[in-house]
Amino acid sequence: MKIRIFQVVVPLIALLIICLYVVRLRSGKSTLKEIFPTLLFLIGTCIFAIFPDPVSDAIAKLFGIKSNINAILFFGMGLLFLVQLNLYSNMRKQEKEITQLTRELAITEFEKKSSNKFKGFLYLVSFMELNILD
Amino acid sequence: MLQNNEIHVFIPAYNEQNVIEEVVKSVLNCGFSNIYVINDGSTDDTVKLALKAGANVIQHTLNRGAGAANQTGITYAKRKNFNYIVFIDGDGQHYPEDIEKMYDLIRKENIDLLIGSRFIKDKETVPIVRRLYNLIANILTLGLKQGKYSDTQCGFRMLNRKAIETLNLEIDGFGYCSEMIWKSELNNLTIKEISVNVRYTEHSLEKGQDLITGIKTGFDLIWKKYFN
């Protein structure tokens, strides 16, 4: 089998990134749940880079696609769609959190102002009572 | 006899400087003094004019949407143990005079969520385009609800204590209209519609939902139901 440059470079880069993630995992900066999808993707990339033809043929056979190049393209598009869906879901969660924060801030500020207004009213009443008594 | 202190009126508003003073004053003139304008991050003088008219103003620092503003009202009402709250649009579309008959009905029949409907009588006052958008919204809401409603998108609604305690709206945009009905049904709240009057001005026609917003609302509902 003739070894092409990308069959060396891509696995090396992927392995380097895997090592960095493992270091992060061991130092407690990331959890396995957080890095697992990325590790899976990097391992998959390594295997695909080393055995591009067998892997693409297997994917084409699995999905019933005639050409292995089309299979890779469709597989890539499917993967991108899943990533997009995940990003959208995360974005919606963050939007929800922003709304909750905005709400809490709004109500807290309103209650503070109402309480200050009431205190001001009480001071005024006390002041007037004192003046009347005098 | 109407106990106007029992009813707390919430007016979600976004950039309504042209009409908010009039809306607040018209509510005051009907005898309701507990008025809260929920300013949803307006960039104009809505806050200043609402305060000038005599309303309390709860301010969102960021614009989050009509649904978010409604839920802020519900959250505040829950914390303050309000018994009845009513939402009225900030664009002057609704008549505060209808609040009293809503209150009579909600108490008489012990309804949890009372929705104002623009289509029960005299639907010709509603522009055709708005009727079409509402038809689309009603169809979209169809898959999520069991009951039959003539107007799922009207923001003029009254809630009793049980509904205030139960509801937790999560859709920030106009989809809250359908979400409120859907979640009320899920929680076995009593829902009824009542005919309300409506007026459309040049200003109010610019507000509210358009086709793009309607499509986004539909998408929000589907996402909420099947992916959340």
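Just so we're clear, the structure is a prediction, and the values are computed from it rather than from any experiment. We name chains A, B, ... by the order of the sequence lines, and we start the count at 1 in each one.
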* To do: For atom CZ of A/Phe6, decide whether the heavy atoms of other residues, nucleotides or ligands shown that lie under 6.0 angstrom number more than 12.
  => yes
* To do: Heavy-atom distances under 4.5 Å only: say whether A/Leu101 touches chain B with side chain, backbone, both or neither.
  => neither
* Taking side chain as C-beta onward, heavy atoms only, is B/Gln59 less than 4.5 Å from A/Glu109? -> no
* So with a 6.0 Å cut-off around CZ of B/Phe82, is the heavy-atom count from everything else above 12? -> yes
* Structure fact -> Taken to the nearest 0.5 Å, the spacing of A/Phe110 CZ from B/Thr72 OG1 works out to 12.0 Å
* Asked: Looking at CD1 of B/Ile58 and OG1 of A/Thr108, how far apart are the two atoms once the value is rounded to the nearest 0.5 Å?
  -> 11.0 Å
* Asked: So which of B/Asp172, B/Ile171, B/Asn39 has the biggest tally of heavy-atom pairs under 4.5 Å with chain A?
  -> B/Asp172
* Asked: Do A/Gln100 and B/Arg64 have side chains that get closer than 4.5 Å, going by heavy atoms?
  -> no
* State whether the number of non-hydrogen atoms from other residues, nucleotides or ligands found under 6.0 Å of A/Ile69 atom CD1 is greater than 12. => no
* Decide if atom CG of A/Leu87 counts as having more than 12 heavy atoms of other residues, nucleotides or ligands within a radius under 6.0 Å. => yes
* Asked: At a heavy-atom separation under 4.5 Å, does A/Glu95 approach chain B through its side chain, its backbone, both, or neither?
  -> both
* Any chance you could measure A/Leu105, atom CG, to B/Thr61, atom OG1, to the nearest 0.5 Å? => 5.0 Å
* Hey, does A/Arg103 have a side-chain heavy atom less than 4.5 Å from the side chain of B/Tyr76? -> no
* **Carboxylate-amine/guanidinium proximity below 4.0 Å for A/Arg92 and B/Glu170** => no
* Asked: For atom CZ of A/Phe41, is the number of surrounding heavy atoms from other residues, nucleotides or ligands below 6.0 Å larger than 12?
  -> no
